[in-house]
Protein chains: 2
Amino acid sequence: MDVARSQVPEAGTPVACRSCQAQHGVVCGALSSGQLRELGRHSLRRKVDAGSEIIAQGSESSFYSNITRGVVKLCKVMPDGRQQIVGLQFAPDFVGRPFVRESTLSAEAATDAEICVFPRNLLDRMISETPELQRSLHDQALKELDAAREWMLTLGRRTAEEKVASLLYLIATHAEPQSAASTAFDLPLSRAEIADFLGLTIETVSRQMTRLRKSGVIRIENVRHIVVPDMDELEKKISG
Amino acid sequence: MDVARSQVPEAGTPVACRSCQAQHGVVCGALSSGQLRELGRHSLRRKVDAGSEIIAQGSESSFYSNITRGVVKLCKVMPDGRQQIVGLQFAPDFVGRPFVRESTLSAEAATDAEICVFPRNLLDRMISETPELQRSLHDQALKELDAAREWMLTLGRRTAEEKVASLLYLIATHAEPQSAASTAFDLPLSRAEIADFLGLTIETVSRQMTRLRKSGVIRIENVRHIVVPDMDELEKKISG
DNA sequence: CCGAAACTTTGATCTGGATCAAATCGCGAT
DNA sequence: ATCGCGATTTGATCCAGATCAAAGTTTCGG
């Protein structure tokens, strides 16, 4: 999409970061009120439509952001077009790679989303001045590392059915619950994106979804809306 | 192997950490000389044989270590025995997961190795007192995260031949060079371990190796010793 | 030096998931 | 409502890599 334009977030309302603090676990939770105020003065709240790029692979980005609503996917694409989603980020995750200018992956809104954008320079300075913040970002990095490694196991050693079940479980676990039991949720990804996350093709994803449906593990209310009557049954399909 | 015993490193020579400082990029480079001395007093240098476990998956470990020689593999195994190597660590990498007691993966020496072991409590304290050190470990975590995501692309979207070429390239790039051109190296992994890293079977790994040999990209001097006449040719096999 | 066990290669066959092809379904625009 | 187009499902066939089987080869203890 409009990569160039989205590199510099020109549209957005200046906000006191304080106003979205509750959602900003990773960054704002670690800041003093003075720092919060300063960060707030230089932050923009911005809406991004599903599909639009936040950071382009191989580009230099001069800002970081916090997700305040929606889901962001991290992708790597090969020169020949093959593509792999290497991570999903949910509110209130932090997006951006501290200390490095060039990104080896792209970040793209999977759903309509809202992010709070702030300048790289400022945050880099705050990181070096605030061990709390460093620690907080270190924690997020370690959490992402665990997730990435868990997914390596899925990619390398699980069958197509196990892969699809793993993804549904991941979403069910991270999506904001719509029903009390959190067993009903909207998929933030299309079939093609699911395929790119699982290292499969669209057709295989579709077939495995109907397989899970026919075996009673899930109900597909709608292409994007899934109900899991019994979460244990879904877990059993993952095996490990 | 002897998991229980290896959990507490009882064998080893106490060393001043200073003595291996040159190799301890990640941890020791960020410490003051006083801290170095203290860490040294509580460190053990320890030799570990190829195949022996350093940290067991699901266990609580009370120590961290630095690799001073050799290669360590990080594995995840499923209840049914399927196994995935999720990372390779080379000297002078740091091994251990700060801030968390239980490990979700096992660390095992892939080759005969030497590590410098120190107590978790002490290092955790030093981390919280030393922003430099926090930063250094944060950097390593981000480096590992990049590597994990790069490998996700390999696992999800590359063919068997590309996978094997990727692994050879990784080793060639990280192994201490034996020839000046660094195009000859020992494999730190058996065929079975390579298969577990690439999400393939032993047979497929073997076949792809002979395919690369027959196409002139590599020479197999010995099962464990590889020569790459032209590194560019190897890179071409990776595609991306 | 010999022999057994473990590791690696090679061959034959099978199969899960890819690819190719064709309906359906959904949904925004007219 | 109806059209049209992209997304999804379903079906038929193919093939890369798995599995099964059998030779080599390396390693190492005696």
Side-chain angles (χ1 to χ4, degrees), chain A residues 1 49-51 73 78 80-84 110-112 154-168 186-215 218-226 237 239, chain B residues 1 49-51 73 78 80-84 110-112 154-168 186-215 218-226 237 239:
Chain A
M1 201 141 297
D49 294 335
K73 58 178 180 162
M78 294 170 60
D80 63 8
R82 280 178 288 176
Q83 179 164 355
Q84 177 69 42
T111 62
D112 289 344
T154 298
L155 288 172
R157 290 302 185 201
R158 291 204 233 255
T159 64
E161 185 181 43
E162 290 169 341
K163 285 179 176 182
V164 171
S166 298
L167 179 85
L168 294 177
D186 282 330
L187 284 175
L189 303 178
S190 69
R191 297 292 185 268
E193 290 171 315
I194 293 174
D196 280 340
F197 199 13
L198 297 174
L200 300 171
T201 59
I202 300 175
E203 295 93 327
T204 298
V205 169
S206 177
R207 277 187 249 274
Q208 296 302 333
M209 295 273 286
T210 75
R211 214 159 103 86
L212 288 172
R213 176 171 58 72
K214 284 180 181 165
S215 71
I218 61 172
R219 286 208 316 274
I220 304 178
E221 305 281 278
N222 168 298
V223 186
R224 289 277 191 146
H225 194 77
I226 304 293
K237 292 289 181 183
S239 153
Chain B
M1 202 141 296
D49 294 335
K73 57 178 181 163
M78 294 171 60
D80 64 7
R82 279 178 288 177
Q83 178 163 355
Q84 176 70 42
T111 62
D112 290 343
T154 299
L155 287 172
R157 288 302 185 203
R158 290 204 232 255
T159 65
E161 184 181 44
E162 291 169 341
K163 285 179 177 181
V164 171
S166 298
L167 179 85
L168 294 177
D186 282 330
L187 284 175
L189 303 177
S190 69
R191 297 292 185 267
E193 290 171 315
I194 293 174
D196 280 339
F197 198 14
L198 297 174
L200 299 171
T201 59
I202 300 176
E203 295 92 327
T204 297
V205 170
S206 176
R207 277 188 248 273
Q208 296 302 334
M209 295 273 285
T210 75
R211 213 159 104 86
L212 288 172
R213 177 172 58 72
K214 284 181 180 165
S215 72
I218 60 172
R219 288 209 313 277
I220 304 179
E221 306 280 279
N222 167 297
V223 185
R224 289 276 192 148
H225 193 78
I226 304 293
K237 292 289 180 184
S239 151

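Model, not experiment: these values are computed from the prediction. Below, chains carry the letters A, B, ... as their sequence lines are ordered, and counting in each starts from 1.
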hbond_proxy B:Arg224 side chain to D:dT27 base (donor-acceptor, 3.5 Å cutoff): no
Short side-chain to backbone donor-acceptor contact, A:Asp112 and A:Ala50, under 3.5 Å: yes
A:Arg213 CZ - D:dT9 P separation (whole Å): 9 Å
A:Arg191 side chain near D:dT9 phosphate (N/O to OP1/OP2, under 4.0 Å): yes
Check: B:Leu198 main-chain N/O paired with B:Lys163 side-chain donor or acceptor under 3.5 Å: yes
Outermost DNA chain C nucleotides near chain B [under 4.0 Å, heavy atoms]: C:dT8 to C:dA12
Interface residues of residues 159-168 of chain A with DNA chain D (non-hydrogen, below 4.0 angstrom): none
Interatomic distance, B:Leu198 CG vs D:dA18 P [rounded to whole Å]: 10 Å
Review item, nucleotides 23-25 of chain D N/O atoms under 3.5 Å of protein N/O:
none

Nearest-Å distance for atom pair CD/P, residues B:Glu203 and D:dA18: 8 Å
Separation of atom CG in A:Leu212 from atom C1' in D:dT9, rounded to whole Å: 15 Å
Counterpart residues, side-chain hydrogen bond (donor to acceptor under 3.5 Å, both in side chains), relative to B:Gln84 (two or more places apart): none
Nearest-angstrom distance from the residue atom CG of A:Leu187 to C1' of D:dA7: 14 Å
Shortest non-hydrogen separation from A:Gly199 to A:Leu155 and the atoms involved: N-CD2, 4.0 Å
Nearest-Å distance for atom pair CD/P, residues A:Glu193 and D:dA7: 10 Å
Distance test, side-chain N/O of A:Ser190 to OP1/OP2 of D:dA7, below 4.0 Å: no
Sequence-distant partners of A:Arg211, salt bridge (Lys or Arg N to Asp or Glu O under 4.0 Å), two or more places apart: A:Glu161
With B:Ser206 via side-chain contact (heavy atoms from CB on, under 4.5 Å) - residues at least two apart: none
Set of side-chain contact (heavy atoms from CB on, under 4.5 Å) partners for B:Asn222, sequence neighbours left out: B:Arg224, B:His225
Short side-chain N/O contact from B:Thr204 to OP1 or OP2 of D:dG17, under 4.0 Å: no
Partners passing side-chain contact (heavy atoms from CB on, under 4.5 Å) against B:Ser239 (at least two apart in sequence or in another chain): A:Met78, A:Asp80, A:Arg82, B:Glu162
Bend angle of the helix from C:dC1-D:dG30 to C:dT30-D:dA1, from helix axes over five pairs at each end, nearest 10°: 50°
B:Leu167 side chain reached by B:Gln208 side chain, heavy atoms, under 4.5 Å: no
Any A:Val223 side-chain heavy atom under 4.5 Å of A:Arg191 side chain: yes
Note, B:Ile194 side chain near B:Leu187 side chain (heavy atom, < 4.5 Å): yes
Nearest-angstrom distance from the residue atom CE of A:Met209 to P of D:dA7: 16 Å
Partners meeting side-chain hydrogen bond (donor to acceptor under 3.5 Å, both in side chains) with A:Thr201 (sequence neighbours left out): A:Thr204
Nearest-Å distance for atom pair CD/C1', residues B:Gln208 and D:dA18: 13 Å
Set of side-chain hydrogen bond (donor to acceptor under 3.5 Å, both in side chains) partners for B:Thr154, sequence neighbours left out: B:Arg158
Salt bridge (Lys or Arg N to Asp or Glu O under 4.0 Å) contacts touching residues 194-203 of chain A (sequence neighbours left out): A:Asp196-B:Arg157
